[in-house]
Amino acid sequence: MTYHPKSDFMRVMIERGFLADCTDYQALDEALVNGVVPGYIGFDATAPSLHVGSLIQIMMLRWLQKTGHKPIVLMGGGTTKVGDPTDRADERPLLTPEKIDENLAGIREVFSTYVSFGEGENDAIMVNNAEWLDGINYLEFLRDIGRHFSVNRMLSFESVKARLEREQSLSFLEFNYMILQAYDFMELNRRYGCLLQMGGSDQWGNIVNGIDLTRRVIKNEVYGLTSHLLAMSDGRKMGKSQGGAVWLNGDMLSPYEFWQFWRNIPDADVGRFLKLYTELPVEECDRLGAEEGQAINDAKITLANEVTTLAHGREAAKAAEATAREVFEKGGTGEDLPTLTLSASDIGDGISVVQLITRAGMASSGKEAKRLIADKGARINDEVVTSAGLMISSADLAQPVKLSAGKKRHALVVLES
């Protein structure tokens with residue numbers, strides 16, 4: 001990147017490694033220097049929580065506010081009814097309005113820890129695109145908005161081309177998604193003076209559509225900025241771990257498990273993740289990322305503490321680190337470990353260790369649990385489990401039991417009193 005920005009926001013986006021592309025670097029930079037720029041990112045309500053795959057976008061909104069501008073969190077109450085085909089090999093399952101509302105409520109909880117909402121000039125606002133999409137008259141929409149879109153051009157976008165090249169179904173419903181997203185940008189500009197849409201680089205075509213539509217229909221200039229699509233250096237997708245999605249809501253994933261995800265990232269990712277997911281100075285991020293041996297493990301603890309503090313608060317981060325030290329360094333059980341609570345009726349005459357491992361979320365299936373045992377990766381109270389036929393009785397659970405899968409994943413199993 002050879003562009004030298006004047007605005008703090010663009011400088012942060014470039015220095016910390018967020019920026020993949022921008023529709024007009026100089027014009028956006030000038031707008032950011034000359035006044036408060038409202039900018040938005042959209043989040044569809046496909047689950048009750050966002051996961052860490054969305055965290056780079058949330059951090060972009062946080063930096064927008066920290067550099068003096070106005071974040072707009074667009075909740076996709078309307079577009080979720082259609083489903084974004086981007087990065088999908090198949091059509092998303094359609095959700096009921098009730099489920100969408102339930103998911104929106106869960107997602108809203110995340111943002112209050114990252115941005116400040118209010119009535120001030122650069123306070124964040126949260127908007128639901130159902131406000132304007134739910135009441136659309138289809139014929140009027142086709143006449144007034146649809147005529148500005150070229151099917152030839154829409155077919156050229158990567159998200160559409162990839163599906164067609166694989167000869168996978170792309171429904172007309174999903175094909176309309178990019179038109180609705182473009183309409184969102186125009187409506188946000190009309191209603192809130194929104195000048196900027198941000199998103200992952202896979203959203204480039206949708207963002208450009210919105211810029212073109214806004215220019216054609218209401219004659220306003222707006223801008224787009226995209227971030228890199230991230231994967232870990234070992235090939236894993238951001239947001240996924242062995243135990244499933246790494247959710248941002250504490251009721252779906254404990255702060256300890258969240259902390260552990262960041263503590264266990266590959267060494268090669270430490271520096272860039274510190275820059276993207278924390279607010280430590282860039283020089284400090286680079287220094288920590290260049291460490292080796294035990295020092296790189298200490299850097300990972302710094303990363304885990306800083307990211308967990310932003311998501312769940314400083315006390316939760318401290319508790320997670322203390323639990324990790326107790327489990328790993330002192331051989332203790334750690335009270336903050338994920339806990340599986342069983343009743344006497346769950347156990348009956350005994351419960352197999354395979355069931356225990358599966359129910360505790362340490363394996364996704366009985367087959368995977370048996371493989372873990374065969375590989376000597378399963379332990380109870382730090383003792384290796386040698387037989388998949390081992391049965392656990394109520395008497396065995398008179399005291400909490402620590403269940404381990406490999407060296408880094410642990411859970412407590414307790415008997416309901």
Side-chain angles (χ1 to χ4, degrees), residues 23 36-46 50 54 57 61 64 69-86 92 94-108 110-111 115 117-119 123-150 154 157 159 171-199 203-225:
T23 55
V36 174
V37 169
Y40 95 94
I41 300 178
F43 301 87
D44 278 350
T46 53
L50 299 175
S54 298
Q57 313 301 335
L61 289 173
L64 188 70
H69 304 283
K70 188 179 186 71
I72 299 175
V73 180
L74 180 67
M75 304 307 299
T79 40
T80 302
K81 296 170 185 174
V82 177
D84 184 359
T86 303
R92 289 188 185 275
L94 298 181
L95 304 179
T96 64
E98 293 75 22
K99 184 60 180 174
I100 290 172
D101 288 341
E102 182 184 318
N103 288 350
L104 288 174
I107 291 170
R108 284 190 189 100
V110 171
F111 285 96
V115 295
F117 292 92
E119 304 296 325
D123 281 337
I125 58 172
M126 184 171 281
V127 184
N128 188 338
N129 63 14
E131 289 180 23
W132 52 84
L133 295 182
D134 279 2
I136 282 176
N137 178 297
Y138 187 58
L139 290 178
E140 288 181 4
F141 187 77
L142 285 178
R143 182 192 64 202
D144 298 338
I145 303 301
R147 65 190 179 89
H148 295 291
F149 290 84
S150 160
M154 290 160 77
F157 292 141
S159 59
S171 71
F172 180 71
L173 183 72
E174 293 177 288
F175 198 59
N176 275 268
Y177 187 94
M178 62 185 74
I179 300 179
L180 297 178
Q181 186 172 327
Y183 188 69
D184 282 346
F185 198 177
M186 186 181 76
E187 277 298 309
L188 288 169
N189 178 259
R190 192 179 351 229
R191 294 172 182 231
Y192 303 102
C194 182
L195 294 178
L196 173 65
Q197 181 183 173
M198 298 183 288
Q203 295 294 319
W204 180 259
N206 292 341
I207 292 172
V208 169
N209 269 338
I211 292 170
D212 289 345
L213 183 66
T214 304
R215 184 184 296 131
R216 288 167 185 256
V217 177
I218 57 178
K219 315 300 182 190
N220 287 342
E221 288 295 326
V222 290
Y223 312 102
L225 183 151

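The first residue of the sequence shown is numbered 1, and numbering continues consecutively from there.
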Give, for atom [atom1] of [X] and atom [atom2] of [Y], the distance between the pair rounded to the nearest 0.5 Å.
X	Y	atom1	atom2	answer
N103	T96	CG	OG1	8.5 Å
I107	F43	CD1	CZ	9.0 Å
L74	M126	CG	CE	9.5 Å
M178	T79	CE	OG1	13.5 Å
T214	E221	OG1	CD	9.5 Å
I136	D144	CD1	CG	10.5 Å

I want to check something: taking the side chain as every heavy atom from C-beta on, are [X] and [Y] in contact at a cut-off of under 4.5 Å?
X	Y	result
I207	Y223	no
F185	N206	no
N189	L195	yes
W132	L180	no
L213	F149	yes
L196	H69	no
E187	L133	no

>> If I compare all heavy atoms of I41 with all of Q57, which pair ends up nearest, and what's the gap?
In response: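 It is CD1-O, 3.3 Å.
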> For Q203 and Q197, does a side-chain donor sit closer than 3.5 Å to a side-chain acceptor?
Replying inline: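 No.
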Test your reading of the model: is there a side-chain donor-acceptor pair from [X] to the backbone of [Y], 3.5 Å cut-off?
X	Y	answer
R215	I211	no
N209	A182	no
K70	D123	yes
D44	G77	no

>> Would N129 and Y183 count as a side-chain contact (heavy atoms from CB on, under 4.5 Å) here? Give the steps.
In response: CA-CA 10 Å; N129 63 14; Y183 188 69; over 6 Å; no
>> Out of the candidates L188, I125, I72, L64, only one should pair with P38 under the side chain to side chain contact (heavy atoms under 4.5 Å, CB included) rule; please name it.
In response: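 For P38, the side chain to side chain contact (heavy atoms under 4.5 Å, CB included) check succeeds only for I72.
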> Is the ring centre of Y192 less than 6.0 Å from the ring centre of Y40?
Replying inline: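 So the answer is no for these two rings.
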>> Set out, in order, the CA-CA distance, both residues' side-chain angles and the distance that settles side-chain contact (heavy atoms from CB on, under 4.5 Å) for M186 and I218, then state yes or no.
In response: CA-CA 8 Å; M186 186 181 76; I218 57 178; 3.8 Å; yes
